[in-house]
S.K.: 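Sharing a structure, written as structure tokens. Questions coming.
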Amino acid sequence: MKDFKSRLFSSEARLSDLITAYPSLLSLLTRLDISLGFGDRSIADVCEASGVDTGFFLLICNVYTFNNYIPSTAAILGTDMTGLVPYLEKSHRYYVDKRLPHIERHLDAIAQKLSGRIGQVFISFFKEYKQEVEAHFAHEERDVFPHIRALMTGERDKTYSIGEFLHTHSDIEGKLDDLLNIVFKYLPPQVDDDNVLDVVYDILRLSEDLKKHTFIEEKIMVPLVKHLEKAVLS
């Protein structure tokens, strides 16, 4: 298997080797419209067959894998970014339709075994967080993404600017850390089953994924849109 540990990914590598080395990238495939069954084909071949720009695929995979990787503005502008908004939208659906309900089911099972108010605290805290995430995503899908699409087609959209996004962009992963602290500090010792381990693992995984999502929006989407705004609105 090819060694990926010391360098960024290349299009000539086999996609199966990449996923084997970094299993966490598996969750990105559906968000990038790539199906399993790619055999021993290279990343470039799989991307071409799936209608995904190889450069964009590698950019996202590198961001998710290497914590010290920050793409330059030149690298961003040199990559086909037409897939960015669809990717972000599919990420929203992944979080809202799959990850959050999965965590909620575990918390419900845990709460049923708790007496007093502590179980309701878990449920209420998470429901409030879920509503906050949904509102956060709804704002982006209503205001930010249409603005980007308009700019990408050359439209002079003066109704919104990416500066407003930066001013209001909230930290949606921070509250997950608070939820973990509640679990660690206040969960009674008698509640010791697979649901607890599963929910801790799922929260940690979702928190890390959301941090990468925020990184992509702030370090890739924002520089791209600033460039588009300057080019289209000048």
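Predicted model, so just to flag it, every value in this text is computed and none were measured. Numbering starts at 1 and runs along the sequence shown.
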S.K.: Taking the side chain as every heavy atom from C-beta outward, state whether L15 and L18 have any atom pair closer than 4.5 Å.
M.R.: yes

S.K.: Between atom CD1 of I203 and atom CD1 of I103, what is the distance when rounded to the nearest 0.5 Å?
M.R.: 5.5 Å

S.K.: Please enumerate all residues that pass side-chain contact (heavy atoms from CB on, under 4.5 Å) together with S124, with sequence neighbours excluded.
M.R.: Q120

S.K.: How would you list, by chain and number, every residue that makes a salt bridge (charged side-chain N to carboxylate O under 4.0 Å, His left out) with E89, sequence neighbours excluded?
M.R.: R149

S.K.: Is the ring pair H102/H106 parallel, tilted or perpendicular, if the boundaries are 30 and 60 degrees?
M.R.: perpendicular

S.K.: Find out if a path of hydrophobic residues (ILVMFWY) with successive side-chain heavy-atom gaps under 4.5 Å connects L25 to L36.
M.R.: yes

S.K.: Would you say that F215 contacts V63 through its side chain, given a criterion of any heavy-atom pair below 4.5 Å between the two side chains?
M.R.: yes

S.K.: Does the pair T73 and H227 meet the rule for a side-chain contact (heavy atoms from CB on, under 4.5 Å), with working shown?
M.R.: CA-CA 9 Å; T73 300; H227 172 79; 5.8 Å; no

S.K.: Apply side-chain hydrogen bond (donor to acceptor under 3.5 Å, both in side chains) to residues H136 and E140 and explain how you reach the verdict.
M.R.: CA-CA 7 Å; H136 178 104; E140 293 180 353; 3.0 Å; yes

S.K.: Taking all non-hydrogen atoms of both residues, which atom of S42 and which atom of S11 are closest, and how far apart?
M.R.: CB-O, 3.6 Å

S.K.: Mind checking whether V144 and F165 have side chains closer than 4.5 Å, heavy atoms only?
M.R.: yes

S.K.: Donor-acceptor pair, N181 side chain versus D177 backbone, under 3.5 Å?
M.R.: yes

S.K.: Look at the side-chain heavy atoms of Ile, Leu, Val, Met, Phe, Trp and Tyr, link any pair under 4.5 Å apart, and say whether L176 and L204 land in one connected group.
M.R.: yes

S.K.: Kindly write out the residues that satisfy salt bridge (charged side-chain N to carboxylate O under 4.0 Å, His left out) with K212, not counting sequence neighbours, or none if the list is empty.
M.R.: none

S.K.: Rounded to the nearest 0.5 Å, what separation is found between the CZ atom of F57 and the CG atom of N62?
M.R.: 9.5 Å

S.K.: Taking the side chain as C-beta and beyond, is there a heavy-atom pair between Y201 and L197 under 4.5 Å?
M.R.: no

S.K.: So if you build clusters from Ile, Leu, Val, Met, Phe, Trp, Tyr with side-chain heavy-atom gaps below 4.5 Å, do F184 and I110 land together?
M.R.: yes

S.K.: Give every residue pair that meets the salt bridge (charged side-chain N to carboxylate O under 4.0 Å, His left out) criterion with at least one member in residues 28-46, sequence neighbours excluded.
M.R.: R14-D40, R31-D209, D33-K90

S.K.: Check whether any side-chain heavy atom of M81 lies under 4.5 Å from a side-chain heavy atom of I76, and answer yes or no.
M.R.: yes

S.K.: Please report the closest heavy-atom contact between T82 and D80, naming both atoms and the distance.
M.R.: OG1-OD1, 2.8 Å

S.K.: Which value, rounded to the nearest 0.5 Å, describes the distance between K175 atom NZ and I182 atom CD1?
M.R.: 9.5 Å

S.K.: List the atom of V96, the atom of F137, and the distance in Å for their closest heavy-atom pair.
M.R.: CG2-CD1, 3.7 Å

S.K.: In Å and rounded to the nearest 0.5 Å, what is the CG to CZ distance from D108 to F122?
M.R.: 12.0 Å

S.K.: Between E134 and H92, does any side-chain donor sit less than 3.5 Å from a side-chain acceptor?
M.R.: no

S.K.: Is there a path of hydrophobic side-chain contacts, each under 4.5 Å between heavy atoms of I, L, V, M, F, W or Y residues, that connects V121 with L179?
M.R.: no

S.K.: E229 versus H147: any side-chain heavy-atom pair under 4.5 Å?
M.R.: yes

S.K.: Do I34 and L28 come close enough that some side-chain heavy atom pair is under 4.5 Å?
M.R.: no

S.K.: What residues, two or more places apart in sequence or in another chain, satisfy salt bridge (charged side-chain N to carboxylate O under 4.0 Å, His left out) together with K130?
M.R.: E104

S.K.: Pair up each side-chain donor or acceptor in residues 217-226 with any protein partner under 3.5 Å, not counting sequence neighbours, and list the distances.
M.R.:
residue : atom : partner : partner atom : Å
E217    : OE1  : H169    : NE2          : 2.9
E217    : OE2  : H213    : NE2          : 3.2
E218    : OE2  : H169    : ND1          : 2.8

S.K.: First locate atom CD1 of I172, then atom OG1 of T214, and finally report the distance between them rounded to the nearest 0.5 Å.
M.R.: 5.0 Å

S.K.: Taking C-beta and beyond as the side chain, do F9 and F66 meet within less than 4.5 Å on heavy atoms?
M.R.: yes

S.K.: Could you walk me through whether T79 and L58 pass the side-chain contact (heavy atoms from CB on, under 4.5 Å) test, one step at a time?
M.R.: CA-CA 10 Å; T79 301; L58 291 171; over 6 Å; no

S.K.: If you measure from CZ on F38 to OG on S16, what distance do you get to the nearest 0.5 Å?
M.R.: 6.5 Å

S.K.: If you apply the rule side-chain contact (heavy atoms from CB on, under 4.5 Å), what do you find for D143 with Y160, and how did you get there?
M.R.: CA-CA 7 Å; D143 299 322; Y160 187 84; 4.0 Å; yes

